[in-house]
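Worksheet: the structure to be examined is printed underneath.
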Amino acid sequence: MKHLTAFVADHKQDSRCGIFAVCSAHPMVLEAAMRHAREAKSLLLIEATSNQVDQHGGYTGMTPQHFREFVESMADQYHFPRENLILGGDHLGPNRWQGLNAEEAMRNADELIRCYVAAGFKKIHLDCSMSCADDPVPLTDTIVAMRAARLAKIAEQTCAEKFGESDLVYVIGTEVPVPGGAHETLAELAVTTPQAAKATLEAHRHAFELQGLSEIWPRIIGLVVQPGVEFDHTQVIDYQPEKSLFLSQMIEAFDTLVFEAHSTDYQTPQALQQLVQNHFAILKVGPALTFALREALFSLAAIEHELRPAHKCSGLREVLENVMLEQPEYWKHHYHGNTSDCRLARGYSFSDRVRYYWPDREIDEAYSNLVTNLAGESIPLPLISQYLPLQYAKVREGKIAATPHELIIDHIQDVLHQYHCACLGTQKSRLTQ
């Protein structure tokens with residue numbers, strides 16, 4: 001994928017530019033991202049994770065081919081050029097099948113990789129770091145790397161068979177804690193050491209050689225490490241550049257590699273810029289975008305209660321809570337404490353387990369009723385000021401319309417804008433001169 005190899009080359013030539021990946025399948029998040037990238041005339045990297053999208057449908061119900069068709073259809077709808085769209089697969093490996101024995105889990109992972117590559121995904125994160133039922137805990141670097149190389153060989157063969165040649169790019173390594181936010185309250189976080197990062201690279205290089213894949217090493221563009229950023233339900237561990245100084249310096253010796261930083265959600269704009277400047281040049285964002293979606297919807301529901309009698313309101317907040325209580329599988333292993341603590345977490349946690357519930361029929365119907373109730377009349381400016389103050393300023397300036405849909409999209413784009421600015425690199429300096 002020439003866009004991504006060129007981006008790494010630009011970063012290495014001291015532009016210090018970055019790129020961020022939108023890790024979400026929600027239609028409104030994707031619309032916000034496409035419209036933002038269209039206006040910015042930038043590339044748009046959208047990634048599906050192995051639990052969202054797989055050969056069986058994942059929790060979204062979409063296979064990789066269905067996801068690609070879904071995203072490309074949206075791109076056409078919002079006039080975003082397909083040639084500027086990059087699809088990636090995140091944490092591709094045996095993640096979904098950790099309860100099985102390793103060989104059975106890896107056979108599933110083999111098919112997962114085939115489906116992603118055949119569907120046209122070009123950025124492939126090979127992640128075999130998780131232990132399966134008959135594995136030691138934790139896995140050694142050698143086992144992880146050998147399994148990743150096995151999947152890379154399948155990816156290369158599939159791409160060559162499907163498209164005539166392979167133009168895939170790869171990311172290797174994994175972060176700790178698990179993707180999507182920590183399950184428990186965090187006190188401190190260990191930054192990956194340069195020695196550990198080098199060991200991961202060396203193990204993968206050797207494993208790729210054994211599979212006859214040495215020639216693809218320049219297309220391994222990213223190494224996932226832990227730069228010291230994370231979030232749990234109520235707090236964020238902010239990036240502290242001094243703690244990852246030696247790690248940042250270590251990657252400078254590798255001409256075709258940058259770091260990929262996961263769980264950068266909720267970092268400050270300054271922290272995001274510092275991450276990119278320090279070679280954590282691929283930023284992943286997901287829960288922060290659906291968190292912004294949830295914020296906007298809760299704000300609109302509060303406005304609705306001010307404008308309509310209770311019996312005519314959508315009851316979005318109440319419907320969401322009831323569905324989450326009736327179907328607790330997506331939050332019960334993440335939220336702990338008393339009844340009040342869990343209720344608060346279900347609605348407001350940074351880990352945003354709410355995102356798994358938006359496709360539910362009852363919740364979607366309540367959302368539609370909310371939008372219909374507010375779209376039929378002009379939303380009073382004082383209420384927009386009260387509940388969506390950042391959007392209020394843009395409404396007053398004539399930059400956005402005071403409709404439910406546009407208020408939601410703009411609120412999500414506030415997050416996207418922070419990532420876009422962080423990734424400009426030296427372009428930002430030129431633009432502000």
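Everything numeric here is computed off the predicted structure, so don't read it as measured data. Residue numbers run from 1 in the order of the sequence given.
- No side-chain heavy atom of Arg16 sits under 4.5 Å from any side-chain heavy atom of Gln273.
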**OP:** For Asp135 and Gln98, run side chain to side chain donor-acceptor pair (under 3.5 Å): C-alpha distance rounded to whole Å, both residues' side-chain angles, the deciding distance at 0.1 Å, then the answer.
**Re:** CA-CA 10 Å; Asp135 276 331; Gln98 294 177 54; over 6 Å; no

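- For His405, the NE2 atom is densely surrounded, since the number of other residues' heavy atoms within 6.0 Å is greater than 12.
- Judged purely by atom type and a 3.5 angstrom limit, Ser73 has no side-chain atom pairing as donor or acceptor with the backbone of Phe70.
- Residues Tyr387 and Phe298 place their aromatic rings such that the two centres sit no closer than 6.0 Å.
- Panel note: side chain His3, backbone Glu83; a donor-acceptor pair is recorded below 3.5 Å.
- By the 4.0 Å N-to-carboxylate-O rule, Asp414 lies close enough to Lys394 to be salt-bridged with it.
- In this structure, His26 places its NE2 atom where more than 12 heavy-atom neighbours from other residues, nucleotides or ligands lie under 6.0 Å away.
- In this structure, Asp110 CG and Cys115 SG are separated by 11.0 Å, a value rounded to the nearest 0.5 Å.
- Taking a cutoff of 4.0 Å between a charged side-chain nitrogen and a carboxylate oxygen, Arg35 and Glu39 do not qualify as a salt bridge.
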**OP:** Go through Tyr419 and Thr264 one step at a time and tell me if the side chain to side chain donor-acceptor pair (under 3.5 Å) criterion holds.
**Re:** CA-CA 10 Å; Tyr419 280 83; Thr264 67; 3.0 Å; yes

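- At least one cation-pi condition fails for Arg205 and Phe208: the charged atom is not both under 6.0 angstrom from the six-membered ring centre and inside a 45 degree cone around its axis.
- Residues Phe350 and Phe231 keep their aromatic ring centres 6.0 Å or farther apart.
- For His233 and Tyr335, the distance between ring centers is under 6.0 angstrom.
- Under a cut-off of 6.0 angstrom, the local environment of CD in Gln270 is sparse, with at most 12 non-hydrogen atoms contributed by other residues, nucleotides or ligands.
- Under the side-chain contact (heavy atoms from CB on, under 4.5 Å) criterion, Ala25 pairs with Gln52, Thr60, Met62, Phe67, sequence neighbours left out.
- Minimum heavy-atom separation, Leu85 to Ile46: CD1-CD1, 3.7 Å.
- Atom CG of Leu257 and atom CG of Leu201 lie 6.0 Å apart (nearest 0.5 Å).
- Remark: Gln55 CD to Ser50 OG distance equals 10.0 Å, nearest 0.5 Å.
- Taking the ring centre of Tyr116 as origin, the terminal cationic atom of Lys122 falls outside the region bounded by 6.0 Å and 45° from the ring axis.
- Between Glu111 and Arg114, at least one side-chain nitrogen of the basic residue sits less than 4.0 Å from a carboxylate oxygen of the acidic one, meeting the salt-bridge criterion.
- The closest side-chain heavy-atom distance from Leu30 to Val71 is below 4.5 Å.
- Each of Gln391, His417, Lys399 was scored for a side-chain hydrogen bond (donor to acceptor under 3.5 Å, both in side chains) with Asp410, with one residue passing: Gln391.
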Subject >> Candidate pair Glu69 and Gln65, rule side chain to side chain donor-acceptor pair (under 3.5 Å), full reasoning >> reply: CA-CA 6 Å; Glu69 292 168 357; Gln65 182 63 34; 3.0 Å; yes

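- Across all their heavy atoms, Arg96 and Gly58 have their closest contact at NH2-CA, 3.7 Å.
- In Phe246, the CZ atom is not crowded: 12 or fewer heavy atoms of neighbouring residues, nucleotides or ligands sit closer than 6.0 Å.
- Annotation: side chain of Ile408 is in contact with side chain of Leu293 (closest heavy-atom distance under 4.5 Å).
- Between the side chain of Glu31 and the main chain of Ala75, no donor-acceptor pair closer than 3.5 Å is present.
- For the pair Leu416 and Phe20, the minimum side-chain heavy-atom distance is below 4.5 Å.
- Across all non-hydrogen atoms, the minimal contact from Pro64 to Val53 is N-CG1, 3.4 Å.
- Taken from CE in Met28 to CH2 in Trp358, the straight-line distance is 10.5 Å, to the nearest 0.5 Å.
- For the 3.5 Å distance criterion, the side chains of Ser349 and Ser351 qualify, holding a donor opposite an acceptor.
- A 6.0 Å sphere centred on NZ of Lys198 holds no more than 12 heavy atoms belonging to other residues, nucleotides or ligands.
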**OP:** Show the numbers, then the answer: is there a side chain to side chain donor-acceptor pair (under 3.5 Å) between Tyr266 and Asp238?
**Re:** CA-CA 9 Å; Tyr266 313 110; Asp238 291 314; over 6 Å; no

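- Ion pairing between Lys284 and Asp265 fails under the 4.0 Å rule for side-chain N and carboxylate O.
- Formation of a donor-acceptor pair under 3.5 Å by the His206 side chain with backbone atoms of Glu202 is not found in this model.
- Within the 4.5 Å cutoff, the side chain of Gln327 has heavy atoms near those of the Glu329 side chain.
- With no hydrogens or angles considered, no side-chain donor-acceptor pair links His411 and Gln413 at under 3.5 Å.
- In plain terms, the two heavy atoms of Ala105 and Cys132 that are nearest each other are CB-SG, 3.6 Å.
- Under the 3.5 Å distance criterion, the side-chain polar atoms of Asn108 are matched with a main-chain donor or acceptor of Glu104.
- To the nearest 0.5 angstrom, Leu189 atom CG is 10.0 Å from Gln240 atom CD.
- Counted by atom type alone, Tyr348 and Thr234 present zero donor-acceptor pairs between their side chains at under 3.5 Å.
- A donor-acceptor contact under 3.5 angstrom links the side chains of Asp127 and Thr174, judged on distance only.
- Under the 4.5 Å side-chain criterion, counting only non-hydrogen atoms from C-beta, Val171 is in contact with Lys123.
- Side-chain N or O atoms of Glu47 include none that pairs as donor or acceptor with a backbone N or O of Leu87 at under 3.5 Å.
- Between Glu156 and Arg219, at least one side-chain nitrogen of the basic residue sits less than 4.0 Å from a carboxylate oxygen of the acidic one, meeting the salt-bridge criterion.
- Taking the six-membered ring where the residue is Trp, His279 and His11 present perpendicular rings, their angle passing 60° and hence far from 30°.
- Side-chain N or O atoms of Arg353 include one that pairs as donor or acceptor with a backbone N or O of Tyr330 at under 3.5 Å.
- The side-chain contact (heavy atoms from CB on, under 4.5 Å) search around Thr192 returns Ala196, Ala197, Val225, Gln226, Leu247, not counting sequence neighbours.
- Residues Asp352 and Arg294 are not paired through a salt bridge, judged by the lack of any N-O separation under 4.0 Å between the basic side chain and the carboxylate.
- Heavy atoms only, all atoms of each residue included: Trp331 and Met324 are closest at NE1-O, 2.7 Å.
- Residues Leu44 and Val22 meet the side-chain proximity criterion, which asks for heavy atoms closer than 4.5 Å.
- Closest of all the heavy-atom pairs between Thr158 and Ala118 is CG2-N, 3.9 Å.
- Using a 4.5 Å heavy-atom threshold, the side chains of Arg82 and Asp76 count as touching.
- Of the possible donor and acceptor atoms, one in the side chain of Lys12 sits under 3.5 Å from a partner among the backbone N and O of Phe254.
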Subject >> Residue pair Arg343, Glu321: steps toward the salt bridge (Lys or Arg N to Asp or Glu O under 4.0 Å) verdict >> reply: CA-CA 8 Å; Arg343 180 193 59 80; Glu321 174 70 358; over 6 Å; no

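- Distance CD1/Ile172 to CD1/Ile221: 11.5 Å, rounded to 0.5 Å.
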